[in-house]
There are 2 protein chains.
Amino acid sequence: MQLPPLVQTFVLHFGEMGSRWGINRTVGQIYALLFVAERPFNADEIVERLGVSRSNVSMGLKELQAWNLVRLQHRPGDRRDYFTTPEDIWQIVRTLVEERKKREVDPTLTLLRELLMQDAATEEERHAQERLKEMHDLFELFAGWYADVRRLETERLVQLLTLGAKVQKVLEMKDRLTRLPGRIGGRASKPD
Amino acid sequence: MQLPPLVQTFVLHFGEMGSRWGINRTVGQIYALLFVAERPFNADEIVERLGVSRSNVSMGLKELQAWNLVRLQHRPGDRRDYFTTPEDIWQIVRTLVEERKKREVDPTLTLLRELLMQDAATEEERHAQERLKEMHDLFELFAGWYADVRRLETERLVQLLTLGAKVQKVLEMKDRLTRLPGRIGGRASKPD
DNA sequence: TAGCAATTTCAGAAATGCCTGAAAAGTCAG
DNA sequence: CTGACTTTTCAGGCATTTCTGAAATTGCTA
């Protein structure tokens with residue numbers, strides 16, 4: 001592995017973390033390398049730096065492309081493909097979440113819905129369905145929240161995250177204010 | 001595998017999903033089984049239902065205990081250990097997130113901080129550090145947000161998730177209001 | 001169209017992770 | 001302390017995944 005120590009440490013760590021996430025080590029390493037690189041790399045440059053086979057890099061890049069996690073670039077007068085990660089780290093987060101949702105959450109929701117449609121023959125199955133319903137509702141709640149939040153501009157998203165639980169305070173404030181006669185701010189909500 | 005079809009489908013799916021998450025299939029299956037079970041199971045009951053070896057179940061349960069994901073119970077006059085998942089699905093979510101943070105986020109943050117302390121010999125390393133700083137700040141932002149919301153009661157958390165991006169509206173309203181002279185609501189913020 | 005450069009495919013080797021049975025260790029009642 | 005019951009450990013076999021080198025494919029240029 002032909003890398004500055006700082007980069008090497010990061011690449012190795014990221015490769016390990018990848019393993020815990022169902023992503024194989026090489027794929028994790030390639031991504032880490034591209035992430036910290038100051039310019040696009042072609043496949044051979046990656047081979048040099050990571051010390052793995054050319055074919056392995058090819059497969060890794062293919063997988064990263066399937067995840068929409070790397071971008072392909074070309075240089076004039078050079079036929080080789082050059083790869084980068086998006087400059088904007090928030091774009092990376094968005095892609096990652098989007099893809100994981102597509103591959104893991106959506107199929108699970110589909111399965112849960114199917115299982116909830118079936119009718120339970122035994123008490124055991126009836127109880128299982130109750131639990132699956134809880135899980136289904138939980139997933140739906142997260143999916144709904146995500147569908148909402150994904151549209152926010154990054155700036156707003158950061159604002160939200162920075163506030164954290166303090167949002168609760170703001171909500172309470174809103175509750176009080178929107179009940180005032182005269183509609184000082186926002187749309188008046190019906191009293192419940 | 002000796003299970004009602006509905007439960008079996010779920011258990012198999014969950015086992016597969018487990019694989020994608022760095023959790024092995026058996027562990028995923030054991031957890032799925034306990035999750036939908038209407039009563040605690042002992043190790044032999046799990047063996048029967050999943051059709052795997054006793055030792056495999058033992059190791060799986062040990063791992064789930066290390067993750068705080070199962071609870072151990074005893075019955076009077078019965079020496080065997082009986083296992084359940086928490087009744088409250090939100091408790092499960094909380095544990096899952098907490099443990100993943102402890103095992104993945106925290107060590108990564110530690111590493112990133114270390115790498116940012118080092119001084120960069122080359123331009124390449126300097127740029128790498130810039131990227132690592134972005135990643136570090138991102139992780140910190142999430143960690144801070146999480147430290148905040150983890151304390152919320154479930155009811156509040158659900159409220160927040162249900163609102164989703166509509167919180168943004170509330171934030172805008174707050175922005176306007178807190179700038180008003182006379183401090184109608186909340187603490188006045190300094191104009192920037 | 002031939003020739004070259006780059007990438008992809010794929011069969012088998014290597015590595016890793018998982019599972020099992022057998023044995024060891026732990027735990028309780030009498 | 002003994003014996004019965006239960007859980008844990010672990011070496012070795014099995015299965016799956018990952019990685020490689022060689023060959024095939026793609027695509028460009030002359």
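So that the names make sense, note that chain A is the first sequence line, chain B the second, and so on, each numbered from 1. Reckoned from all heavy atoms, side chains included, excluding hydrogens, waters and symmetry mates.
For the segment residues 66-73 of chain B, no residue has any heavy atom less than 4.0 angstrom from an atom of DNA chain D.
Pairs passing the salt bridge (Lys or Arg N to Asp or Glu O under 4.0 Å) check and including a residue from residues 66-80 of chain A, sequence neighbours excluded, read D78(A)-R80(A). Within the structure, no pair that satisfies the salt bridge (Lys or Arg N to Asp or Glu O under 4.0 Å) test touches residues 16-25 of chain A, not counting sequence neighbours.
Take N68(A) and apply the side chain to side chain contact (heavy atoms under 4.5 Å, CB included) test, not counting sequence neighbours, and it matches T95(A), E99(A). Legend: residues meeting side-chain hydrogen bond (donor to acceptor under 3.5 Å, both in side chains) with W90(A), ordered by chain and number and at least two apart, are absent. Residues passing the side chain to side chain contact (heavy atoms under 4.5 Å, CB included) test with V47(B), sequence neighbours excluded: R54(B), V57(B). Contacts of E124(A) classified as salt bridge (charged side-chain N to carboxylate O under 4.0 Å, His left out), with partners at least two apart in sequence or in another chain: none. Applying the side chain to side chain contact (heavy atoms under 4.5 Å, CB included) criterion to T85(B), with sequence neighbours excluded, gives R131(A), Y31(B), L34(B), F35(B), I92(B).
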Inset, instruction - Quick one, give me the B/S/- string for nucleotides 7-21 of chain D, reading 5' to 3', where B means a protein heavy atom under 4.0 Å from the base and S means that only happens at the primed atoms, P, OP1 or OP2. - result: BBB--------SBBB
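If you measure from atom NE2 of H74(A) to atom P of dT7(C), you get 8 Å, rounded to the nearest angstrom. Atom CG in D78(B) sits about 16 Å away from atom P in dT27(C), given to the nearest Å.
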Output a table of donor-acceptor pairs, distance under 3.5 Å, between side-chain atoms of residues 139-148 of chain A and any protein atom two or more places apart or on a different chain; print 'none' if there are none.
| unit_1 | atom_1 | unit_2 | atom_2 | d |
| --- | --- | --- | --- | --- |
| E140(A) | OE2 | R113(A) | NH1 | 3.0 |
| Y146(A) | OH | E98(A) | OE1 | 2.4 |
| D148(A) | OD2 | A165(B) | N | 2.7 |

Would you mind writing out the side-chain donor-acceptor pairs for residues 2-13 of chain A within the sub-3.5 Å range, not counting sequence neighbours?
| unit_1 | atom_1 | unit_2 | atom_2 | d |
| --- | --- | --- | --- | --- |
| T9(A) | OG1 | P5(A) | O | 2.9 |
| H13(A) | NE2 | T108(B) | OG1 | 3.0 |

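For the helix from dT1(C)-dA30(D) to dG30(C)-dC1(D), the end axes, each set by the C1' atoms of five terminal pairs, are bent relative to each other by 20° (nearest 10°).
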Inset, instruction - Starting from the C-alpha separation in whole Å, work towards a yes-or-no answer on side chain to side chain donor-acceptor pair (under 3.5 Å) for R94(B) and T154(B). - result: CA-CA 10 Å; R94(B) 286 172 197 266; T154(B) 297; 3.0 Å; yes
